Amino acid sequence: MSRPPHIPRSVVVGLALAIVLDTVIQIAWKLGVSGGAPEAGTGAILRGALGNPWFYLAMLAFAAQLVNWLRVLARADLSFAQPFTALSYVTVLTLSSHSLHESLSPAKLAGVALIIVGVGCISRTPSTTSALP
Amino acid sequence: MSVKAIGLCLVVSAAAVESLAQLALKLGANGRALWVALGILFYGGEIVLYTLALHRLDVSVAFPLGSLCFVGVALLSRLVLGEKVGRVRACGVACILAGTVLIAL
């Protein structure tokens with residue numbers, strides 16, 4: 001492949017921020033809904049979440065993500081920007097395996113590598129369709 | 001249906017709704033507030049669906065299935081927005097999907 005196309009700085013910063021916020025959202029959301037029995041009813045699950053501070057942190061990060069994401073989408077293709085959020089899978093896995101003191105299996109490491117290759121592929125495409133020659 | 005089957009249905013629905021939310025946000029990103037509002041509405045739906053799914057499933061199962069939204073977004077970007085989703089972008093999405101499946105093993 002030839003030289004990668006230029007990606008505007010504001011898009012790069014926005015994508016990086018999106019990955020950080022996505023990581024916070026995923027972890028806080030899971031912590032916010034982890035209480036109670038698995039067979040609990042919908043109302044009980046939602047009430048449990050509403051009484052859990054982690055759930056509110058997740059929603060706060062969600063609001064910040066919305067503002068940030070609209071700025072990114074105003075400057076880049078949806079099919080270019082959105083796959084970058086897959087990198088938050090890698091950060092979530094790293095953080096959760098660290099906190100649970102689990103070692104990462106070869107399959108998981110291969111999965112992480114594939115996601116990075118996939119996002120790498122997309123980063124080599126022009127960030128907007130209109131920028132194509 | 002078992003707890004797990006309900007969880008699987010919920011997480012696939014959440015991925016579909018998230019794809020639509022992304023499409024609406026993209027359509028609203030240049031200041032069309034109605035599309036942004038619709039996107040937020042879809043995200044509200046996704047929050048409920050994914051919250052209920054996560055309660056029934058491990059993140060290791062919910063995550064790769066949730067990644068079907070990358071396929072949904074690529075399709076909607078091409079069909080509705082007319083973005084150029086060429087081979088390299090499609091390969092990228094396929095790698096991401098395969099990667100999330102491996103992570104879940």
Side-chain angles (χ1 to χ4, degrees), chain A residues 1 26-27 29-30 32-36 38-40 42 45-46 48-49 55 58-59 62 66 69-75 77-83 85-86 89-90 92-93 96 104-126 128-129 132, chain B residues 3-4 7 18-19 22-23 25-31 36 39-40 43 47-48 50-60 62-64 66-67 69-70 73-78 80-105:
Chain A
M1 267 187 285
Q26 283 293 336
I27 290 176
W29 202 344
K30 179 60 183 170
V33 298
S34 290
E39 67 278 8
T42 303
I45 295 167
L46 295 180
F55 187 75
M59 293 305 107
F62 218 80
L66 181 68
W69 197 238
L70 284 173
R71 289 169 56 88
V72 171
L73 288 185
R75 296 167 171 86
D77 274 7
L78 178 60
S79 59
F80 174 84
Q82 193 256 359
T85 59
Y89 290 17
V90 177
V92 168
L93 181 72
S96 59
L104 291 175
S105 68
K108 282 192 167 65
L109 289 174
V112 165
L114 265 176
I115 288 174
I116 292 169
V117 167
V119 173
C121 282
I122 286 155
S123 73
R124 306 286 298 222
T125 66
T128 59
T129 296
L132 288 168
Chain B
V3 167
K4 193 169 181 183
E18 187 179 343
S19 303
Q22 289 285 348
L23 175 68
L25 289 182
K26 174 64 181 175
L27 290 170
N30 286 318
V36 176
I40 293 170
Y43 261 117
I47 288 172
V48 174
Y50 200 60
T51 299
L52 297 175
L54 269 184
H55 194 82
R56 293 172 170 85
L57 299 172
D58 287 338
V59 176
S60 61
F63 241 32
S67 76
C69 71
F70 293 105
V73 162
L75 287 174
L76 291 173
S77 297
R78 183 173 184 159
V80 180
L81 301 170
E83 291 178 2
K84 189 176 185 330
V85 183
R87 258 176 302 180
V88 180
R89 257 182 214 182
C91 269
V93 170
C95 284
I96 290 168
L97 211 61
T100 54
V101 171
L102 280 178
I103 281 178
L105 286 178

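FYI, side chains are in, hydrogens and waters are out, and symmetry mates aren't considered; it's all heavy atoms of this structure. Quick caveat, the model's predicted, so the values are computed rather than measured. Proteins come first, then strands; the chains are lettered A, B, ... in the order of their sequence lines, and each starts at number 1.
- Contact detail for B:V88 and A:C121: the closest heavy-atom pair is CG1-O, 3.2 Å.
- Contact annotation for B:V101: neither backbone nor side-chain heavy atoms come within less than 4.5 Å of a heavy atom of chain A.
- Chain B forms the most heavy-atom pairs under 4.5 Å with one residue out of A:A107, A:G120, A:A81, A:A113, and that residue is A:A107.
- Looking at B:C69 and A:Q82, their side chains come closer than 4.5 Å, going by heavy atoms from C-beta outward.
- Contact tally against chain B (heavy-atom pairs below 4.5 Å) for A:Q26, A:R71, A:M59: the top residue is A:Q26.
- Proximity to chain B (any heavy atom under 4.5 Å) is shown, for A:F80, by both the backbone and the side chain.
- Per-residue counts of heavy-atom pairs under 4.5 Å with chain B were compared for A:L70, A:T125, A:D77; the largest is that of A:D77.
- In terms of non-hydrogen atom pairs under 4.5 Å with chain A, the most contact-rich of B:V73, B:I40, B:L76, B:V36 is B:V73.
- Applying the salt bridge (Lys or Arg N to Asp or Glu O under 4.0 Å) test to pairs two or more places apart or on separate chains, none has a residue in residues 92-105 of chain B.
- For the side chain to side chain contact (heavy atoms under 4.5 Å, CB included) criterion with A:V112, the lone passing option out of B:L102, B:I103, B:T100 is B:I103.
- Counting heavy-atom pairs closer than 4.5 Å to chain A, the top-ranked of the candidates B:G31, B:C91, B:S67 is B:S67.
- Note on B:V48, B:I47, B:V93: by heavy-atom pairs under 4.5 Å with chain A, the leading option is B:I47.
- Formation of a donor-acceptor pair under 3.5 Å by the B:K84 side chain with backbone atoms of A:T129 is not found in this model.
- With chain A as the partner, the residue from B:V85, B:L52, B:T51 showing the most heavy-atom pairs under 4.5 Å is B:T51.
- Put simply, the side chain of B:E83 gets close to the backbone of A:L78: a donor and an acceptor are under 3.5 Å apart.
- Per-residue counts of heavy-atom pairs under 4.5 Å with chain B were compared for A:A58, A:A74, A:P106; the largest is that of A:A74.
- Contact count versus chain A (heavy atoms, under 4.5 Å) is highest, among B:A29, B:G86, B:A62, for B:A29.
- Using a 4.5 Å cut-off between heavy atoms, B:L57 contacts chain A through its backbone alone, with no side-chain atom that close.
- Sorted by first and then second residue, the side-chain hydrogen bond (donor to acceptor under 3.5 Å, both in side chains) pairs with a member in residues 109-119 of chain A form an empty list; sequence neighbours excluded.
- The distance from atom CG of B:L25 to atom CH2 of A:W69, rounded to the nearest 0.5 Å, is 9.5 Å.
- Annotation: the span from B:F70 atom CZ to A:I115 atom CD1 amounts to 8.0 Å, rounded to 0.5 Å.
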